[in-house]
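Here the structure is a predicted model, which is why all the values come from computation and not from measurement. Naming: A, B, ... by sequence-line order, numbering from 1 per chain.
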2 protein chains.
Amino acid sequence: MAGIKDVAREVSLSTATVSRALRGLPGVSDANRLKVTDAARRLGYVPSPSAVGLASGQTRTVAVIVPHVTRWFFGEVVQGAEEVLRTAGYDLLLYNLAGEPAARHRVFHTDLLSKRVDAVLVLGLRPTEEERRRLAGLGRPVAIVGAAAPDLFSVSIDDEQAARIATGHLLDLGHTRVGYLGGSLDSLDFVAPSARLAGYRAALRERGIEHHPELEDVGEFTVAGGRAAAARLLAGPDRPTAIFAASDEMAIGVLRAARELGLSVPSDLSVVGIDDHELAGFFDLTTVAQPVREQGRRGAERVLAELTGVRPPESEVLPVELVVRTSTAAPACPSAAGPSA
Amino acid sequence: MAGIKDVAREVSLSTATVSRALRGLPGVSDANRLKVTDAARRLGYVPSPSAVGLASGQTRTVAVIVPHVTRWFFGEVVQGAEEVLRTAGYDLLLYNLAGEPAARHRVFHTDLLSKRVDAVLVLGLRPTEEERRRLAGLGRPVAIVGAAAPDLFSVSIDDEQAARIATGHLLDLGHTRVGYLGGSLDSLDFVAPSARLAGYRAALRERGIEHHPELEDVGEFTVAGGRAAAARLLAGPDRPTAIFAASDEMAIGVLRAARELGLSVPSDLSVVGIDDHELAGFFDLTTVAQPVREQGRRGAERVLAELTGVRPPESEVLPVELVVRTSTAAPACPSAAGPSA
DNA sequence: TTGAAAGCGCTAACAC
DNA sequence: GTGTTAGCGCTTTCAA
């Protein structure tokens, strides 16, 4: 394990010069810089992060706090963030909450993060007031990804708008009994659901369609959760002719439930989701696509920029786009007027 | 940011005693230990990982090298590892190779050497000879998860056996033209494919079934990859009556291709995969289940054990189990005798 | 049982 | 353009 001293001795220079040369700082002659980088490579010198961290206060490490690594959305965001961080020479420290409140508490409340990372990326969750204070107290760049959070930089889509587009698509096709399947609202670990419910309701309101509370249901944000909730929703006497599921994974669950009930999609039931999950095309699922990996990249770029002194001003809201496939169609027997177009 | 000195001053003891007290080392009076822990809590003292690392050589961090975080299998393994590491107070440094050879090179040749981690978990890939040397040179615990690697501790399933079970299931149903869909063999990033191909061939051989090279094909280890490869395989004149796909994600792609070609499963085509992916049940996919998250846990437990001095002797091979669902059945017009049972 | 002092391997002032 | 000298905040001898 060659240290900076070994390199210095090898080239007969001081460790200070070696340090400067290796970090590309000014004030080193070209000749010496070359000698140093060459010797460093030959000796296989790699600086000790602990020593660098202690001496400089920089860890070149970013914490990424994720509700569930195993969910498609978060995996993609992590990958996007990792690409950017790696390119910039930063390491990624992964904190997976896995739905455990204890894990969440531990991450935010013990100052785990304090002297360990240069910046923090929080995925998919809206920090509580208390958590926000602690994040601010770090005095380090923080970005929320996949959720909007007041007073903190965030990069996300407009969840309410996405839901309005999805629901609006169904309404425009002529559906009037449109069900909503979302995540449980008190889930602190993932906040998109509440905004999506709001968007759903807004779309109904905008078009003067009556709102039926019995057409709203919640479940886990997974295929299994969507399937179970849809089974309930579709079991009733006056079932919806269309369902908007707050994520593609849930929507896929809806498709499954429909199949089990002998309903065909889209003739008996239209289904729309949000995400454009990698399997959405596979299921011919109409959905509102969002740039997922890109959100991870932007979040990482943002904290990196702040770290280097640039301070981009505003939170970013990325665009979404309706992707119409064949899981949606006009209702077989419209109980209302057809599409406005 | 309270430091150890602040705590020491607060309780009128030396930093040495405070350090000992906080780490539970012997040689501190009960009274003082209490005073110290109490003061530390009051002051919100958190040791600086950089300083600890520099002074003690321990980072309480484990590197996890993963080919693709976004693939289901790896997400699950990471989650399993994270659970164990977090419980033990270790942090997880994620290195996602994302299929980039440059990333792989950098991780093995630079990052790992940097005294940054106490142990390394390598997921799904078999280290090259060169990489093995570097891992060994770290002088730190290393575990390979999801792949067997000679000379290194590993926890995995027996991929060949799993493939033999899957293929054998199809053969026992009476299929004689059984296709194989695997990952590209020269993919250094994920090694299960070659063992699975071997298992497929072994199953044919064991039963004296002729081996048709044209029934073997490769693709990406994804739904899209499986779909594309299956489309090719099923386009031929004398198509297989059954396909064994080397992963459930590929198998799901096969189901899709079959549907697109108007083939029904299982009457026209039987399909079997490996993994028991979270969506396998959803697709009624017959598969060979493997304990994925558990592999991550075992890998993490192993390196942690080694770190505390215990050195468990052998690599672990976890059991797999055939899960029969409805994607497999006897061929409609068997060209050979029926099942042996 | 406790403390003093010497590092761990770097970076950062400040001289030269 | 380069070297010297202090630390960064802990842990770890070694003495007491």
field: Qualifying side-chain hydrogen bond (donor to acceptor under 3.5 Å, both in side chains) pairs with a residue from residues 44-55 of chain B, counting only residues at least two apart or across chains
entry: none
Protein-nucleotide distance ([X], atom [atom1]; [N], atom [atom2]), rounded to Å:
X       : N     : atom1 : atom2 : answer
A:Leu22 : C:dG9 : CG    : P     : 17 Å
A:Leu13 : D:dT2 : CG    : C1'   : 8 Å
A:Leu34 : D:dG1 : CG    : P     : 15 Å

message: Suppose we screen for side chain to side chain contact (heavy atoms under 4.5 Å, CB included). Which residues come up paired with A:Glu129, at least two apart in sequence or across chains?
response: A:Arg132, A:Arg133
- prompt: Does B:Ser14 or B:Leu54 map to a spot on DNA chain C nearer the 5' end, using the closest nucleotide for each?
  reply: B:Ser14
- request: Scan for salt bridge (charged side-chain N to carboxylate O under 4.0 Å, His left out) pairs involving residues 34-60 of chain A, sequence neighbours excluded, and state none if there are none.
  value: A:Glu10-A:Arg42, A:Asp38-A:Arg41, A:Asp38-A:Arg42
Those residues that, when tested against B:Arg298, pass salt bridge (Lys or Arg N to Asp or Glu O under 4.0 Å) (two or more places apart): B:Glu294, B:Glu316
task: Report the residues that fulfil salt bridge (Lys or Arg N to Asp or Glu O under 4.0 Å) with B:Arg33, sequence neighbours left out, ordered by chain and then residue number.
output: none
- prompt: Below 4.0 angstrom from OP1 or OP2 of D:dG1, is there any side-chain N or O of A:Ser29?
  reply: no
Tabulate protein N/O versus nucleotide N/O from nucleotides 10-14 of chain D, keeping only pairs under 3.5 Å, one per line.
unit_1, atom_1, unit_2, atom_2, d
D:dC10, OP2, B:Ile4, N, 2.9
D:dC10, O5', B:Tyr45, OH, 3.1
D:dT11, OP2, B:Ser19, OG, 2.4
D:dT12, OP2, B:Arg23, NH1, 3.0

task: Evaluate the criterion salt bridge (Lys or Arg N to Asp or Glu O under 4.0 Å) for residue pair B:Arg106 and B:Glu100; output intermediate values, then yes/no.
output: CA-CA 10 Å; B:Arg106 207 187 43 91; B:Glu100 296 171 30; over 6 Å; no
